[in-house]
Amino acid sequence: MALDLQSIYVLASGGSRAMEQLDTTTNNIANANTSGFKKLLIEQMSQRLDENGSDSNHLLVFPRFKQTLLDLSQGPLKETKAPLDLAIDGKGYFVIQRQNETLLTRDGHFLLNEEGYLVDSLGNRVLDTQNRPIQLDSQKNITITQEGAIYQKGKKVALLQIKDFTKIEPVGDTYYRPVGAAKAGEYKVHQGFLEGSNINPVLEMTSLITTQRKFEIYNNIIKSIDQLNQKTNEIGKA
């Protein structure tokens, strides 16, 4: 393989990684005002491909996407005074039932549906510590303690299931899928509050500009190599 083609392949790989970073950063910016959203990060790696046995002068080093990481740091708490808006201060996730799947979320913007079940903004039911949907009386006042206990007219009617996990993976719409076993969370539930995203828009915009420039540099170098190759061919034919 010619050296110029090797360079183009490596640069194209770098350009592809820059596009992935652009997509991730754009998604972060778009969710800067989404309750409970956690910042997405891309971890990259370099991979060496030995194309010519032990010849160290002909090793290809490609930038590669390795994995998507989450910044799980606490977002700011914003007061809404809505009785079913809940924010977790600390470690843990609300447990949601979406069809036949159990998911996690930090977005505590909850409502009561027509049947009186506590649901999230997409209509998925919130579960208690017994893995049961929580049903409340919409005509009675609702008080929720920092431990997640729900009271109506002084009577405890449910206890929110809040779990923590060593690792989670994003599945979209501020939902996360648990990985491994659950562990005890350390948290306080604040009624009438929502947790904002942990996105810093200024830093994300700076990252967006830097990544765009990186992508442009990769493309410009590829064009320069291609133009040099064309001129070399023209000289060879002269």
Side-chain angles (χ1 to χ4, degrees), residues 31 33-40 68 70-199:
N31 285 284
N33 294 318
T34 300
S35 298
F37 182 81
K38 299 302 179 185
K39 179 179 178 178
L40 294 171
T68 300
L70 285 169
D71 176 359
L72 300 179
S73 60
Q74 177 82 42
L77 301 189
K78 303 177 181 179
E79 187 173 13
T80 67
K81 297 184 179 180
L84 292 179
D85 278 350
L86 306 176
I88 296 175
D89 182 8
K91 298 180 180 180
Y93 303 86
F94 299 110
V95 181
I96 305 294
Q97 183 179 41
R98 187 177 68 176
Q99 298 178 351
N100 295 323
E101 186 175 21
T102 298
L103 298 174
L104 309 172
T105 186
R106 294 276 295 198
D107 182 0
H109 179 51
F110 298 142
L111 310 162
L112 291 182
N113 65 12
E114 295 179 353
E115 300 173 279
Y117 285 105
L118 188 65
V119 298
D120 65 12
S121 57
L122 296 180
N124 298 305
R125 294 179 178 181
V126 182
L127 300 182
D128 65 10
T129 52
Q130 304 299 315
N131 281 323
R132 297 177 302 194
I134 298 172
Q135 192 171 27
L136 303 174
D137 187 342
S138 62
Q139 302 303 313
K140 298 178 182 179
N141 290 335
I142 299 171
T143 302
I144 302 174
T145 69
Q146 291 187 343
E147 293 73 34
I150 303 175
Y151 287 85
Q152 289 194 290
K153 281 196 170 181
K155 180 181 178 181
K156 182 178 177 181
V157 294
L159 179 61
L160 288 163
Q161 183 177 172
I162 299 176
K163 289 184 175 181
D164 191 22
F165 291 82
T166 303
K167 186 177 180 180
I168 59 174
E169 52 187 28
V171 294
D173 293 324
T174 71
Y175 293 129
Y176 303 96
R177 183 174 290 116
V179 178
K183 61 180 182 178
E186 299 178 2
Y187 60 85
K188 292 180 180 179
V189 176
H190 296 274
Q191 186 177 17
F193 288 80
L194 289 175
E195 181 190 5
S197 76
N198 62 358
I199 299 297

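Fair warning: this is a prediction, and the values are worked out from it, not measured in the lab.
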* Apply the test side chain to side chain contact (heavy atoms under 4.5 Å, CB included) to residues I150 and T143: give CA-CA distance (whole Å), side-chain angles for both, the deciding distance (0.1 Å), then the verdict. => CA-CA 6 Å; I150 303 175; T143 302; over 6 Å; no

* **Residue pair Q74 / N198: nearest heavy atoms and the distance that separates them** => O-CB, 4.2 Å

* Apply the side-chain hydrogen bond (donor to acceptor under 3.5 Å, both in side chains) test between Q161 and each candidate in T129, D128, N131; give the one that qualifies. => N131

* Inspect the surroundings of CG in D71 and state if more than 12 heavy atoms from other residues, nucleotides or ligands are less than 6.0 Å away. => yes

* Asked: Do the side-chain N and O atoms of D164 and Y187 include a donor-acceptor pair separated by under 3.5 angstrom?
  -> no

* Asked: CD/Q97 to OH/Y117 distance, rounded to the nearest 0.5 angstrom?
  -> 10.0 Å

* **Note: R177-E169 ion pair, threshold 4.0 Å (strictly below)** => yes

* Asked: How far apart are the closest heavy atoms of I134 and A158, and which atoms are they?
  -> CG2-CB, 3.8 Å

* Under the side chain to side chain contact (heavy atoms under 4.5 Å, CB included) rule, what do D120 and T105 come out as? Steps first, then yes or no, please. => CA-CA 10 Å; D120 65 12; T105 186; 5.6 Å; no

* Measure the shortest side-chain to side-chain distance between L112 and L84 over non-hydrogen atoms and say whether it is less than 4.5 angstrom. => yes

* To do: Evaluate the side-chain proximity of T80 to F193: yes if any heavy-atom separation is below 4.5 Å, no if none is.
  => no

* Check step by step if side chain to side chain contact (heavy atoms under 4.5 Å, CB included) holds for I199 and N31. => CA-CA 8 Å; I199 299 297; N31 285 284; 5.6 Å; no

* **Ring-ring centroid check F165 Y176, cutoff 6.0 Å** => no

* Asked: Do you know the tightest heavy-atom contact between A149 and K156?
  -> CB-CE, 4.0 Å

* Are L160 and L86 close enough that some pair of their side-chain heavy atoms sits under 4.5 Å apart? -> yes

* Asked: NE2 of H190 to CD of E79: how many Å apart, nearest 0.5 Å?
  -> 11.0 Å

* **Side-chain touch Y175/N124, heavy atoms, less than 4.5 angstrom** => yes

* Asked: Can you tell me if E195 uses its side chain to pair, donor with acceptor, with the backbone of G75 under 3.5 Å?
  -> yes

* To do: Examine distances only and state if a side-chain atom of Q152 and a backbone atom of D137 form a donor-acceptor pair shorter than 3.5 Å.
  => yes

* To the nearest 0.5 Å, how far apart are CG in D173 and CZ in F37? -> 10.5 Å

* CD-CD1 distance between Q191 and I142, expressed to the nearest 0.5 angstrom -> 8.0 Å

* Asked: About how many Å separate CG of L127 and CG of L159, when rounded to the nearest 0.5 Å?
  -> 12.5 Å

* Could you go step by step and tell me if E115 and R125 meet the salt bridge (charged side-chain N to carboxylate O under 4.0 Å, His left out) rule? -> CA-CA 11 Å; E115 300 173 279; R125 294 179 178 181; 3.2 Å; yes

* To do: Rounded to the nearest 0.5 Å, what's the gap from CD1 on I168 to NZ on K163? Could you check?
  => 14.0 Å

* Asked: Is the NZ atom of K183 crowded by more than 12 outside heavy atoms at less than 6.0 Å?
  -> yes

* Compare every heavy atom of S197 with every heavy atom of P76, then report the nearest pair and how far apart it is. => CD-O, 3.4 Å

* Asked: Should P170 and L70 count as side-chain neighbours, where that means a heavy-atom distance under 4.5 Å?
  -> yes

